Number of protein chains: 2
Amino acid sequence: MLTVSTVNVNGLRAAAKKGYLEWLAATGADVVCLQEVRAEPGQLADEVRDPEGWHSAHAHSAVKGRSGVAVLTREQPTAVRVGFGVEEFEHSGRYVEVELTGLVVGSLYLPSGEVGTERQDEKDRFMAAFLPYLVELREKAAADGREVLVCGDWNIAHRQADLKSWKTNQKSAGFLPYEREWLGSVFESGYTDVVRALHPDVEGPYSWWSYRGKAFDNDSGWRIDYQVASEGLAARAETAVVERAATYAERWSDHAPVTVEYRD
Amino acid sequence: MLTVSTVNVNGLRAAAKKGYLEWLAATGADVVCLQEVRAEPGQLADEVRDPEGWHSAHAHSAVKGRSGVAVLTREQPTAVRVGFGVEEFEHSGRYVEVELTGLVVGSLYLPSGEVGTERQDEKDRFMAAFLPYLVELREKAAADGREVLVCGDWNIAHRQADLKSWKTNQKSAGFLPYEREWLGSVFESGYTDVVRALHPDVEGPYSWWSYRGKAFDNDSGWRIDYQVASEGLAARAETAVVERAATYAERWSDHAPVTVEYRD
DNA sequence: CGTACAATG
DNA sequence: CATTATACG
């Protein structure tokens, strides 16, 4: 069995002080994808950057304290690639991928936006550039006999079942019609939304709750963290859970880990 | 008896959460001078800005989160004046004074500097401008039959006895020869350093300890908070203490209150 | 080392 | 509501 977790840690240094390391020590995952590390490798304590028993591949942003993604693997990767070949995003700390046996795993932190801002324009440009890359990646991996898994915070809820307050958020960044369509086009290009495929008929499970108000207590969340798998891998998915409880005792992120087990 | 306290609170909002309000409720002072309020009045909770049983006069900086001084009095002032008439410092939140019966009390936050920086130039300009004001203030108050008391963080240690590490700080801002001479000229212009006058032969008592390292535990401090009184008032000073213990249990500032009792 | 701000989410 | 950066002290 291959177990993969993905979680936006909202600042790895802060998360490490509050419970992330205990979660990591207890997880049975073989691969962990992290987003919003928000630190350069040199700013991280050794046991946070390279935890005992893991290989780690980090991609940080040129802007200090922003974004930052990583992939932790129990197996030593045969290759690590930072970015996806589009100049604007090469040093933005938004994508890193590693090659494992029969598998390419990417950790993605898609830009978050606000309607009418330059941040949203950046998100739009990222989406436009990333879709062709996904297609190309799948084709190249297939030629090498590898499946593809892109985990991360996509900052888009796909459908009404993917956020509690869908009615009031129809004009909100992250649930705009064109963003939803774009994510749909990802799922139509040979990739599967693994959690939704295993749980087609439920609301959620949400993976992000605002720190404001009582969003977490009321489970007023969004499902914006996905495991997006090529079809061969998606067919092997057996269980999928959002580890909401992982952040119960002391909440160490506003996101919860999304964990999937794939048959060998 | 007239009891006056002065304390640099290093952020009144933070101090209020950590013990300042309890200290204020317990103090027997008639007048309390505050420095480094670091908030506009509108940013302060009512009970912090205008504590029950006190009249308050605030002067905040045009730059948010910087400086800010206040005077709390049990007696209602007959006048409140912000600044000392020098344009550069009129909106800097560094000086406010109130008129009481037979007394003018000012709360001063003299700029802190670093050798070779524009901040130090600003400190120099402030010193140059403030000394003539002190002379004028004393003369005008005398004509009205009032004594003068200027309390605050002067950001200068006068003599070797006024800081623990005087040997290693001879080229440090706050203990530069010309700063010490300037403060000496204040004390020669008809004002008295009340705490030193009552305790001429002791090291300290220090009123500020860096938050860095073990400065507080080692009493490696500086005496930079003064009560500077006109001669008639200085002659009435009976006791002077630095309330180091006030910040023991939970340290609510890097400075401690300096409290003096004056006979009626 | 700690309090503020600002930007980001 | 939280993390981070930076300025200031």
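In this text the structure is predicted, and so the values were computed from the model without any measurement.
Between the CZ atom of Arg251(A) and the P atom of dT3(D) there is a distance of 11 Å, rounded to whole Å. For the pair Tyr211(B) OH and dC8(D) P, the computed distance is 19 Å after rounding to whole Å. Look at CZ on Phe216(A): it is 15 Å from P on dC1(D), rounded to the nearest Å. Going from atom CD of Gln35(B) over to atom C1' of dC8(D) covers 17 Å, rounded to whole Å. Residue Asn218(B) contributes atom CG, which lies 13 Å from atom P of dC1(C) at whole-angstrom precision. Whole-Å rounding puts the His255(A) NE2 to dC1(D) P distance at 17 Å. Lys17(A) places its NZ atom 11 Å from the C1' atom of dT4(D), with the value rounded to the nearest Å. A straight line from CG of Leu110(A) to P of dG9(C) spans 11 Å, rounded to a whole angstrom.
For Arg212(A) against dG9(C), a side-chain N or O and a base N or O form a donor-acceptor pair under 3.5 Å.
Using a 4.0 Å heavy-atom distance criterion, Lys18(B) is classed as a sugar-phosphate-only contact. At a threshold of 4.0 angstrom between heavy atoms, the contacts of Glu114(B) with the nucleic acid are absent. If you check every strand for non-hydrogen atoms under 4.0 Å, Lys214(B) touches nothing.
Near DNA chain D, meaning a heavy atom under 4.0 Å away, the residues from residues 59-68 of chain A are Lys64(A), Gly65(A).
Remark: Arg196(B) is not positioned above the aromatic ring of Tyr226(B), lacking an NZ or CZ atom under 6.0 angstrom from the ring centre and at most 45 degrees off the axis.
Side-chain proximity of Arg119(B) to dT3(C), dT3(D), dC8(D): nearest is dC8(D). Closest contact between the side chain of Arg13(B) and the listed nucleotides dG9(C), dG9(D), dC5(C) involves dC5(C). Of the candidate nucleotides dT4(D), dC1(C), dC1(D), dT4(D) has the atom nearest to the side chain of Ala14(A). The listed nucleotides are dG9(D), dG9(C), dC5(C); the one nearest the side chain of Gln43(B) is dC5(C).
Between Arg38(A) and Arg38(B), the one whose closest nucleotide on DNA chain D sits nearer the 5' end is Arg38(A).
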Next on the checklist: I'd like to know whether Asp219(A) forms a side-chain hydrogen bond (donor to acceptor under 3.5 Å, both in side chains) with Trp209(A), so could you lay out the CA-CA distance, the side-chain angles of the two residues, the decisive distance to 0.1 Å, and finally the verdict.
Outcome noted: CA-CA 7 Å; Asp219(A) 196 28; Trp209(A) 305 263; 2.8 Å; yes

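For the ring-ring contact (aromatic ring centres under 6.0 Å, His included) criterion with Phe89(A), the lone passing option out of Tyr95(A), Phe126(A), Tyr109(A) is Phe126(A).
Salt-bridge annotation for Arg125(A) and Glu88(A): present, with a side-chain N of the basic residue lying under 4.0 Å from a carboxylate O of the acidic one.
Less than 6.0 angstrom separates the ring centroid of Tyr20(B) from the ring centroid of Trp252(B). For Phe175(B) and His158(B), the ring centers sit 6.0 Å or farther from each other.
Counting heavy atoms from C-beta on, the side chains of Ser220(A) and Ser165(A) come closer than 4.5 Å.
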